[in-house]
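Reading through the structure tokens given below for one structure.
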Protein chains: 2
Amino acid sequence: MNRPQRKNNPDAVRARLLECAARLIVDEGLPALTLENVAREAGVSKGGLLHHYPGKNALIDGLFEEVVDWFEGQVEDALEPVETTPSRFSKAYLRVVAAIDMSVPEERRLAVLMLMLSSDPHYCARWNQWVEARLQRHAETDLTPFARTLRLAADGLWLSDLGGGPDSNPSVRREILAFLEHLDATEAIPAGSPEQGGQ
Amino acid sequence: MNRPQRKNNPDAVRARLLECAARLIVDEGLPALTLENVAREAGVSKGGLLHHYPGKNALIDGLFEEVVDWFEGQVEDALEPVETTPSRFSKAYLRVVAAIDMSVPEERRLAVLMLMLSSDPHYCARWNQWVEARLQRHAETDLTPFARTLRLAADGLWLSDLGGGPDSNPSVRREILAFLEHLDATEAIPAGSPEQGGQ
DNA sequence: CAAAACATACCGTCTGGACGGTTTTTAAGC
DNA sequence: GCTTAAAAACCGTCCAGACGGTATGTTTTG
């Protein structure tokens with residue numbers, strides 16, 4: 001309602017482009033991600049798409065960065081206020097992943113990230129870079145085996161979200177999370193002994 | 001040395017075809033999986049490849065089934081003899097995944113499975129079917145949250161194997177496994193209360 | 001009017017697959 | 001055991017369609 005008579009709205013178009021690309025990947029698989037499909041779904045011509053993103057790679061790159069940014073924000077928000085909380089980062093990581101509701105388009109994009117990660121070594125490397133940077137920032141709290149296990153389990157959940165595995169069932173998921181939190185409250189966890197990083 | 005003078009050896013050719021397809025996917029990415037590439041790598045013509053597998057899908061299907069069969073055998077072998085061992089199946093699952101050495105071509109195929117799982121919903125469904133069948137067979141021991149967590153973590157490790165994430169480091173991995181086994185030896189785990197299956 | 005935001009038409013390449021040969025292996029008939 | 005016919009294994013070529021990308025308009029915006 002800001003400017004109703006304005007016909008062009010490039011920012012909205014770019015957003016729609018990314019949105020549609022994500023939807024295509026998740027719902028119809030990677031091979032369905034063609035310039036023509038994305039353009040059609042977004043109600044633009046292929047030329048129009050190519051105008052905003054000068055190539056397929058640029059499109060995917062844009063998608064990647066958008067999703068990572070979003071995820072980063074989510075994790076940041078999920079961080080507990082007490083900075084010395086054990087496994088602080090990994091807990092937030094798990095919380096965000098576990099909260100994914102695939103019926104919400106916004107959150108569905110995380111599936112895109114997972115897809116890109118497992119299919120393209122390039123994005124995989126960039127993702128690892130991101131994770132390791134966070135890990136370094138939270139070295140005091142998140143280098144313990146328990147923290148790693150939390151993130152590992154989160155990745156497992158994440159993966160199961162992609163294909164609706166047996167662990168994507170909400171009630172099962174709740175049970176797993178409850179178990180993990182129960183573990184957290186137990187002294188069964190050995191004292192955090194951050195290992196010297198192996199490169 | 002069975003039949004040295006035999007020029008044709010279709011079974012060996014089929015095996016090489018699958019082998020090369022797997023290598024191509026893992027080393028050069030999914031888009032490198034073309035009929036021509038596979039045929040050339042296997043030392044066969046495209047026509048020859050099409051003779052054994054009447055289409056690309058047939059090739060991929062063959063690869064999928066072979067890998068699943070291999071994984072199934074590995075897990076079967078890793079099963080503890082005592083049938084009532086808690087989390088029996090999930091422990092074997094984790095053991096197999098954790099033992100993956102990406103430098104061994106045979107084991108590298110698991111990466112192929114992961115790739116196919118995350119890229120094609122169809123194979124994802126078939127995989128879920130496999131897992132749920134096993135879960136049903138081991139319902140007495142593997143429906144607990146701890147068992148699920150084990151498999152989730154295994155999936156996380158599996159995924160990290162693909163792109164060499166921070167958890168693919170051997171020493172880190174050992175530490176995680178040790179932690180998981182430590183947990184297993186603890187009474188921190190609530191009694192197994194198999195939830196009623198949700199569909 | 002200039003630049004950005006689109007659309008249309010088109011091209012080159014690649015890939016899956018069809019098709020028709022050729023050679024090898026197997027099986028049958030004698 | 002030898003001949004021969006058929007089936008299986010395999011090759012090389014060609015083609016239709018899809019896809020990414022370019023080139024060239026046309027409209028909108030400032």
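A note on names: the letters A, B, ... follow the listed sequences, proteins ahead of strands, and every chain is numbered from 1.
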- prompt: Is there a salt bridge (Lys or Arg N to Asp or Glu O under 4.0 Å) between B:R109 and B:E66 once you walk through the steps?
  reply: CA-CA 9 Å; B:R109 302 197 182 184; B:E66 197 210 26; 2.3 Å; yes
message: Between A:F71 and A:W130, does the ring-ring contact (aromatic ring centres under 6.0 Å, His included) criterion hold? Intermediate values first, please.
response: CA-CA 11 Å; A:F71 184 73; A:W130 185 87; 5.7 Å; yes
- request: Show the numbers, then the answer: is there a side chain to side chain donor-acceptor pair (under 3.5 Å) between A:W70 and A:E107?
  value: CA-CA 9 Å; A:W70 184 80; A:E107 309 188 3; over 6 Å; no
For nucleotides 14-21 of chain C, print each protein N/O atom paired with a nucleotide N/O atom at under 3.5 Å, atom names and distance only.
from   : atom 1 : to    : atom 2 : distance (Å)
C:dG16 : OP1    : B:K56 : NZ     : 2.6
C:dG16 : OP2    : B:L35 : N      : 2.9
C:dG16 : N7     : B:K46 : NZ     : 3.2
C:dG17 : OP2    : B:K56 : N      : 2.7
C:dG17 : N7     : B:K46 : NZ     : 3.4
C:dG17 : O6     : B:K46 : NZ     : 2.5

- request: In whole angstrom, give the distance that lies between atom CZ of A:R40 and atom P of C:dC6.
  value: 18 Å
query: In terms of heavy-atom contacts, does CD of A:Q136 have more than 12 from other residues, nucleotides or ligands at under 6.0 Å?
result: no
field: Integer-rounded Å distance: D:dA8 P and B:D11 CG
entry: 14 Å
query: Side-chain donor-acceptor pair under 3.5 Å between A:D142 and A:S90, yes or no?
result: yes
- prompt: Can you tell me how far C1' of C:dT25 sits from NE2 of B:H51, to the nearest Å?
  reply: 11 Å
field: OP1 or OP2 of C:dC6 under 4.0 Å from side-chain N/O of A:H52
entry: yes
query: Rounded to the Å, how far apart are A:Y53 OH and C:dC6 P?
result: 12 Å
task: Mind calculating the distance between CG (B:L49) and P (D:dG12) to the nearest angstrom?
output: 14 Å
task: Flag the pair A:R173 and A:D167 as a salt bridge only when some basic side-chain nitrogen lies within less than 4.0 angstrom of an acidic carboxylate oxygen.
output: no
- request: Measure the distance from CG on B:N9 to P on D:dA8 and round it to the nearest whole Å.
  value: 17 Å
